[in-house]
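Every chain is numbered from 1, with letters handed out A, B, ... down the list of sequences. For clarity, every value in this text was computed on a predicted model and none was experimentally measured.
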There are 2 protein chains.
Amino acid sequence: MKQIRVLLIEDHFLARMALHSVLSGHPQIKIIGEAGDGESGISMYRQLRPDVVVLDLRLPRISGFDVITQLRKEFSSVRIVVLSNYQGSEDIYRAVHSGAMAYLTKDASGEELLNAIQNVDRGLRYLPHVALDRLAQRMPAVELTPREKEVLVCITKGRSNREIAEDLNIAEKTVRIHVSSVLDKMGARDRTQATIYALQRGLVHLE
Amino acid sequence: MKQIRVLLIEDHFLARMALHSVLSGHPQIKIIGEAGDGESGISMYRQLRPDVVVLDLRLPRISGFDVITQLRKEFSSVRIVVLSNYQGSEDIYRAVHSGAMAYLTKDASGEELLNAIQNVDRGLRYLPHVALDRLAQRMPAVELTPREKEVLVCITKGRSNREIAEDLNIAEKTVRIHVSSVLDKMGARDRTQATIYALQRGLVHLE
DNA sequence: CCCCGTATAGGACATATGGCCCTTGTCTTT
DNA sequence: AAAGACAAGGGCCATATGTCCTATACGGGG
């Protein structure tokens with residue numbers, strides 16, 4: 001029976017231990033490598049050519065998204081299972097559209113993880129109901145323009161229109177325009193709601 | 001050599017596996033029970049009387065804080081190590097003041113966890129620098145009154161002053177008063193900043 | 001009994017915010 | 001060449017937000 005060769009890319013020690021003990025208990029899985037950050041994860045992929053990568057999205061230095069993009073560029077057939085703490089629609093969307101084949105949150109069960117890995121190894125997607133719901137819920141995906149994203153980030157930092165104008169070296173009038181379209185596109189009534197939605201959807205993150 | 005008898009209270013399967021594999025690998029630790037929610041955790045404590053409890057703060061149904069409070073009421077000498085995803089000062093503060101002896105985040109190393117358990121078993125506190133920093137940082141802890149907390153919660157849900165007035169059945173004028181003192185006490189300039197701070201400090205949580 | 005904290009609320013006021021109108025200039029796509 | 005998206009900005013205006021001052025009422029602690 002063919003074993004699925006798995007590479008773990010996960011910075012949290014405890015989470016790595018968890019994955020290790022769940023997966024190594026299963027005869028069909030063989031963990032052939034573990035990386036604690038994106039760069040070493042990528043270079044281990046180059047050397048080991050695993051069947052499936054299990055990837056955390058929040059990594060030090062470079063993000064999980066970057067890892068997906070980079071791996072897809074070099075190895076278009078790479079099979080990636082994303083394992084994230086965040087269930088914001090934006091993270092799911094970005095991960096799937098970067099080329100991830102599965103998206104699990106860290107409250108997943110062992111079976112779910114196993115199923116995901118097996119499916120992904122066969123080239124099939126694996127998205128739990130929650131993830132699909134979030135994606136659908138996001139669907140009215142009115143994309144923000146780059147400038148609007150910048151403005152949104154400022155808003156979620158608690159900056160006033162005037163301050164944003166100074167930050168971006170534009171007139172406050174222009175900031176208002178951008179704020180208006182951001183609110184419109186996000187379905188928010190004011191900047192506080194926009195901030196909450198942006199955080200919920202994973203468009204921005206705290207700290 | 002005396003073994004430390006540990007009870008795990010943690011709802012996430014993967015996290016339980018992680019704790020299990022980290023701790024059971026160490027000869028000085030013996031896991032004598034695992035619970036997936038607060039109620040069963042408390043009843044297992046009554047039966048097993050472990051030396052140390054390792055507790056997650058986010059649990060289904062009743063919170064980790066409630067577990068701490070309840071256990072402290074019945075067993076004043078209970079030794080609790082809190083393991084949380086959240087590093088907001090409010091969570092740390094509430095956990096420590098409820099009677100937790102240690103506070104670790106889930107990016108902790110194996111050694112840290114082990115040290116924490118050993119210290120706590122001997123009746124000593126174990127708070128990493130980060131946790132102490134957060135506590136200190138919180139210190140200008142101007143307590144919000146009950147009403148102000150209610151108002152703050154409404155604010156962080158994106159409600160307008162008028163809506164809050166309807167929610168709480170008071171005049172909008174009164175809401176403004178409460179909002180003002182909330183902003184003042186939190187050092188925020190407007191409701192958006194208050195929302196951000198409240199989330200960062202763990203005073204409220206999303207979803 | 002009086003003071004303080006809390007919750008309630010009115011009046012007045014300055015400013016921030018957000019909506020609606022319109023214009024200009026630069027790119028890209030058709 | 002025309003159409004469309006994006007960025008920048010002016011003018012006008014209604015309303016939301018937040019502050020200051022004053023006042024009433026309830027409750028507990030000194």
Side-chain angles (χ1 to χ4, degrees), chain A residues 90 93-94 97 138-201 203-204, chain B residues 90 93-94 97 138-201 203-204:
Chain A
E90 195 61 22
Y93 178 84
R94 287 180 60 195
H97 279 70
R138 184 206 188 262
M139 266 320 159
V142 211
E143 278 296 332
L144 298 184
T145 69
R147 205 49 159 170
E148 285 165 356
K149 275 182 205 158
E150 290 184 84
V151 171
L152 176 58
V153 169
C154 291
I155 290 176
T156 62
K157 283 180 179 164
R159 309 285 285 167
S160 72
N161 287 339
R162 188 173 306 171
E163 289 169 335
I164 299 176
E166 287 165 15
D167 292 349
L168 305 183
N169 278 308
I170 54 180
E172 186 188 326
K173 203 61 212 176
T174 310
V175 175
R176 308 261 275 267
I177 306 289
H178 291 311
V179 171
S180 274
S181 23
V182 167
L183 297 186
D184 183 40
K185 290 182 179 178
M186 298 185 70
R189 196 176 45 192
D190 55 55
R191 56 212 298 116
T192 305
Q193 288 192 349
T195 301
I196 298 168
Y197 295 168
L199 289 170
Q200 283 175 339
R201 301 180 190 180
L203 261 160
V204 297
Chain B
E90 195 62 21
Y93 178 83
R94 287 180 60 194
H97 279 70
R138 183 206 189 264
M139 266 321 159
V142 209
E143 277 297 332
L144 298 183
T145 70
R147 206 49 160 171
E148 286 164 356
K149 276 180 204 159
E150 292 183 82
V151 171
L152 176 58
V153 168
C154 292
I155 291 176
T156 62
K157 285 181 178 163
R159 309 286 285 166
S160 71
N161 287 340
R162 188 173 306 172
E163 289 170 335
I164 299 175
E166 289 165 14
D167 292 349
L168 304 182
N169 277 308
I170 54 181
E172 187 189 327
K173 209 62 212 176
T174 311
V175 175
R176 308 259 276 266
I177 307 291
H178 292 312
V179 171
S180 271
S181 23
V182 167
L183 296 186
D184 184 40
K185 289 183 179 178
M186 297 185 70
R189 195 177 46 190
D190 54 55
R191 56 211 300 118
T192 305
Q193 288 193 348
T195 300
I196 298 167
Y197 295 167
L199 289 170
Q200 283 175 338
R201 300 180 190 180
L203 260 160
V204 297

Could you list all N or O pairs between the protein and nucleotides 22-26 of chain C that sit under 3.5 Å apart?
none

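In this structure, the side chains of A:L199 and A:T156 stay at 4.5 Å or more apart for every pair of heavy atoms. When side chains are defined from C-beta on, A:I155 does not count as touching A:H178, because their heavy atoms never get closer than 4.5 Å.
The separation between B:K185 atom NZ and C:dA7 atom C1' is 12 Å, rounded to whole Å. Computed from coordinates, the A:R162 CZ to C:dT15 C1' distance equals 8 Å when rounded to whole Å. Counting to the nearest Å, the C1' atom of C:dA16 and the CZ atom of A:R159 are 15 Å from each other. Computed from coordinates, the A:D184 CG to C:dT17 C1' distance equals 16 Å when rounded to whole Å. If you take CG of B:N161 and P of C:dT17, they are 14 Å apart, rounded to a whole angstrom. Atoms CD (B:E148) and C1' (C:dG5) sit 11 Å apart, rounded to a whole Å. Remark: P of C:dG18 and CE of A:M186 are 13 Å apart, rounded to the nearest angstrom. Protein atom CG of B:L183 is 15 Å distant from nucleotide atom P of C:dA16, rounded to whole Å.
Other residues, nucleotides and ligands place no more than 12 heavy atoms under 6.0 Å from the CZ atom of A:R162. Remark: A:R147 CZ is packed, more than 12 non-hydrogen atoms of other residues, nucleotides or ligands lying under 6.0 Å away.
With hydrogens and angles disregarded, no donor-acceptor distance shorter than 3.5 Å links the side chain of A:E172 to the backbone of A:A165. A:R191 places a side-chain N or O within donor-acceptor distance of the main-chain N or O of A:R159, the cut-off being under 3.5 Å. Judged by distance alone, the side chain of B:E148 and the main-chain N or O of B:L144 form no donor-acceptor pair under 3.5 Å.
Considering only side-chain N and O atoms, B:R147 lies under 4.0 angstrom from the phosphate OP1 or OP2 of C:dT8. Within the structure, every side-chain polar atom (N or O) of B:H178 is placed at least 4.0 Å from both OP1 and OP2 of C:dT6. Proximity of A:S180 to the phosphate of C:dG18: no side-chain N or O atom is located under 4.0 Å from OP1 or OP2. For the pair B:T174 and C:dA9, the criterion of a side-chain N or O lying under 4.0 Å from OP1 or OP2 is met.
Comparing A:R176 and B:L168 by the nucleotide of DNA chain C that holds the closest heavy atom to each, the one mapping nearer the 5' end is B:L168. Each of B:K173 and B:P146 was matched to the nucleotide of DNA chain C holding its nearest heavy atom; the match closer to the 5' end belongs to B:P146.
Between B:E163 and B:K157 there is no salt bridge, since none of the side-chain N atoms of the basic residue sits less than 4.0 Å from a carboxylate O of the acidic one.
Nucleic acid contact class of B:T145 (heavy atoms, under 4.0 Å, all strands): sugar-phosphate only.
The span of DNA chain D lying next to chain B, judged by atoms under 4.0 Å from heavy atoms, is bounded 5' to 3' by D:dA16 to D:dT19.
A pairwise comparison of heavy atoms in A:M186 and A:Y197 identifies O-CD1, 3.7 Å as the closest pair. Heavy-atom minimum distance, B:T192 versus B:D190: N-OD1, 3.0 Å. Nearest heavy atom pair, residue B:A188 against residue B:A194, reads CB-N, 3.6 Å. Contact detail for A:I164 and A:C154: the closest heavy-atom pair is CG1-CB, 3.5 Å.
Near DNA chain D, meaning a heavy atom under 4.0 Å from it, residues 189-201 of chain A has no residue at all.
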